[in-house]
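Encoded as structure tokens, the structure appears first; notes follow it.
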Number of protein chains: 2
Amino acid sequence: MAESFPMNGGDGTYSYTKNSQYQKQATDFAKGTIQEAILEKLDTENLLSVSNTFRIVDFGCSVGPNTFITVQNMIQAVESKCSLQGLDPGAIDFQVFFNDHTANDFNTLFASFPPDRRYYAAAAPGSFHGRLFPRASISLAHSSYALHWLSRVPEGVCDRKLAAWNEGRVHYTGSSEDVVRAYGDQFEKDMGVFMKARADEIVEGGLMVLIMPGIPDGASHSQLLFGVLFNFLGSSLLDLASEGIIDKAKIDEFNLPVYAPSVGEMRKLIEKNGCFSIERIELTNPRSKVDEPIDVHTLIMHLRAGMEAVFTKHFGDAVVEKMFHKTLAKSGEISEFLKSTYPKSTQLFLVLKRK
Amino acid sequence: MAESFPMNGGDGTYSYTKNSQYQKQATDFAKGTIQEAILEKLDTENLLSVSNTFRIVDFGCSVGPNTFITVQNMIQAVESKCSLQGLDPGAIDFQVFFNDHTANDFNTLFASFPPDRRYYAAAAPGSFHGRLFPRASISLAHSSYALHWLSRVPEGVCDRKLAAWNEGRVHYTGSSEDVVRAYGDQFEKDMGVFMKARADEIVEGGLMVLIMPGIPDGASHSQLLFGVLFNFLGSSLLDLASEGIIDKAKIDEFNLPVYAPSVGEMRKLIEKNGCFSIERIELTNPRSKVDEPIDVHTLIMHLRAGMEAVFTKHFGDAVVEKMFHKTLAKSGEISEFLKSTYPKSTQLFLVLKRK
């Protein structure tokens with residue numbers, strides 16, 4: 001069973017709901033691109049020839065509101081495509097499945113369902129590293145900022161006897177080749193399972209849109225935005241160790257199960273699965289249309305909403321509170337660092353079609 | 001939008017999870033009858049002729065564990081019927097939708113999904129007094145102890161200017177004909193909406209099994225087990241009013257939105273809808289195979305798990321705590337009263353088939 005670390009639930013100060021504006025920017029940016037992909041690549045006539053039900057999934061939906069915006073956008077695009085193909089969009093029954101780990105705060109998600117939604121809403125709780133739906137039952141699948149979560153911490157990175165031991169670090173950014181390879185291998189396994197499950201579930205001609213952090217081919221893994229932030233979290237933990245608040249061995253035993261592939265890696269994994277054609281694959285810059293620069297304080301709050309659970313499970317509340325406090329104090333330093341090293345286009349955008 | 005008063009969530013002392021053994025007895029009792037109905041009435045060959053997916057819903061699933069037992073039982077029966085009809089049950093993809101109000105504690109439900117389940121689990125949050133699924137997408141529907149909840153308090157029963165004013169009472173048990181009629185009218189409206197929605201959603205030949213409290217034709221509404229308990233809750237509230245803890249007017253403004261129909265009433269409403277044939281309709285005694293008598297203390301705890309929310313919304317936590325405390329102190333009196341008046345068969349069992 002895959003490990004599960006949900007986004008922070010509820011709607012408090014550290015909740016995902018209150019700290020996901022950057023994900024929303026990414027969602028907004030992807031809006032046009034997703035519409036375009038649906039208009040160009042989705043054959044609604046064929047998909048609706050057997051039944052008037054059109055089933056959509058958002059894998060890794062978290063607790064909203066971004067998932068609702070994305071779903072609404074996709075439905076509008078499907079309706080437009082229907083009209084273009086001479087079908088009556090009003091005759092379609094849309095059923096939307098919101099997927100995330102069982103431990104996700106679905107109660108909060110359900111409480112914020114848009115009242116004027118034009119679809120039958122359902123949830124499919126469980127890990128997407130495995131089957132979730134009946135065969136050939138899904139026409140359109142989407143996942144944004146979820147696939148970078150590995151199903152487990154890569155083998156060996158916490159074992160001091162092995163070459164992949166990731167001493168004093170919480171992530172592979174800036175680590176040895178052995179550590180990076182251990183992460184890459186785990187991602188390959190996870191994507192293999194994910195693609196096999198989706199190939200079973202998505203109907204022939206159905207589309208899958210994937211959005212996740214990625215790096216350019218040939219770029220160093222050290223250039224990953226989140227990796228840089230993870231390193232600062234790691235150094236805050238080392239500060240706490242040197243202050244005697246935690247044992248350094250506790251840091252050695254911890255690694256974030258998060259990986260961002262390159263374009264080439266992702267292409268290879270999809271081709272290995274063999275059930276999907278790649279309709280589009282590219283790195284984009286979701287902030288290209290946003291004027292103000294990234295605010296590091298906000299970014300760290302986002303990171304906290306998304307990542308606190310995994311840290312807390314290992315280090316406990318009090319240490320995690322101190323770690324984020326220390327990291328926030330380094331905002332200026334982080335900001336300078338990001339300006340010099342962070343490549344702009346790190347959002348991997350894929351459109352796949354089930355053969 | 002229908003009013004929503006979920007069962008008590010979580011797994012604490014007053015939770016539904018810990019206080020639903022009597023519902024489980026009802027579930028156990030219904031087990032054989034449901035299996036029989038599926039074996040006799042369900043044509044799996046016809047239902048699975050288009051697709052290998054078989055979709056099941058439990059309307060008003062609450063937070064478990066009863067819903068999981070029922071679902072497992074229904075799937076086993078469908079598999080048996082498949083085998084009888086020469087189909088391979090292993091080739092079927094079962095998808096099960098757990099339905100309840102949006103405010104139901106789905107997080108608790110999801111956390112207790114059986115790990116070895118043989119179906120794809122999904123939730124469809126929302127009121128069943130309205131559409132929840134695409135047209136003709138459901139093959140088997142079930143609802144146990146949920147349909148007696150009205151979508152709202154009947155019109156007029158809280159209005160001191162009207163004949164249906166239900167002064168000093170929290171329920172129609174023992175009230176005037178006008179009050180009983182107001183409740184009956186609301187139930188008729190709600191069932192109309194429920195049946196219309198289900199007629200849209202259930203595929204031709206699909207079955208719907210309904211289990212709910214009912215009364216024999218010609219019996220007095222005062223003989224309803226729950227009604228008797230409600231009256232004791234009401235009298236405890238009047239005690240609190242006479243002690244000056246609450247205002248009596250506060251009681252006049254409150255009515256439980258719960259109704260138990262007679263067999264004849266239910267038959268009439270199903271025939272009025274016209275989309276379903278009645279394959280079976282009867283009153284049963286779910287405790288006929290249970291040796292020990294009903295324990296009134298346990299019964300009141302059950303009532304609290306299921307009904308606390310609706311009282312609390314109106315009276316607040318402190319008053320509700322006192323009301324249940326006072327009612328528990330009357331356990332002996334309630335027990336004597338039930339022995340003399342309570343008819344044994346008050347579980348309405350229906351099997352309907354979509355024409």
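The chains referred to below are lettered A, B, ... by the order of the sequence lines, with proteins before strands, and numbering in each begins at 1.
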Inset, instruction - Could you tell me which portion of A:F113 (side chain, backbone, both or neither) has an atom closer than 4.5 angstrom to a non-hydrogen atom of chain B? - result: side chain
Legend entry - Portion of B:Y119 that has a non-hydrogen atom of chain A nearer than 4.5 angstrom: neither
Legend entry - Residue pair B:E201 / A:D93, side-chain heavy-atom distance below 4.5 Å: no
Legend entry - Neighbour count above 12 (heavy atom, 6.0 Å) for B:D317 CG: no
Legend entry - Residue B:R55 versus chain A: region with a heavy atom under 4.5 Å: side chain
Inset, instruction - Give, as side chain, backbone, both or neither, the part of B:A124 having an atom under 4.5 angstrom from any heavy atom of chain A. - result: both
Inset, instruction - Please report the closest heavy-atom contact between B:T53 and A:P134, naming both atoms and the distance. - result: OG1-CB, 3.3 Å
Legend entry - Proximity breakdown for B:F133 and chain A, heavy-atom pairs closer than 4.5 Å: both
Legend entry - Expected output: side-chain A:N107 to main-chain B:F106 donor-acceptor under 3.5 Å: yes
Inset, instruction - Kindly compute the distance separating OH (A:Y120) from CZ (B:F97), expressed to the nearest 0.5 Å. - result: 12.5 Å
Legend entry - Smallest separation among heavy atoms of A:A122 and B:P125, with atom names: CA-CD, 4.5 Å
Legend entry - Spatial distance of atom CD (A:Q95) from atom OG (B:S137) [nearest 0.5 Å]: 6.0 Å
Inset, instruction - Sort A:N99 into side chain, backbone, both or neither according to what part of it lies under 4.5 angstrom from a heavy atom of chain B. - result: neither
Inset, instruction - Could you have a look at B:A123, B:G126, B:A121, B:A111 and say which one has the most heavy-atom pairs with chain A under 4.5 angstrom? - result: B:A123
Inset, instruction - For B:Q85, look at atom CD and say whether over 12 heavy atoms of other residues, nucleotides or ligands are found less than 6.0 Å away. - result: yes
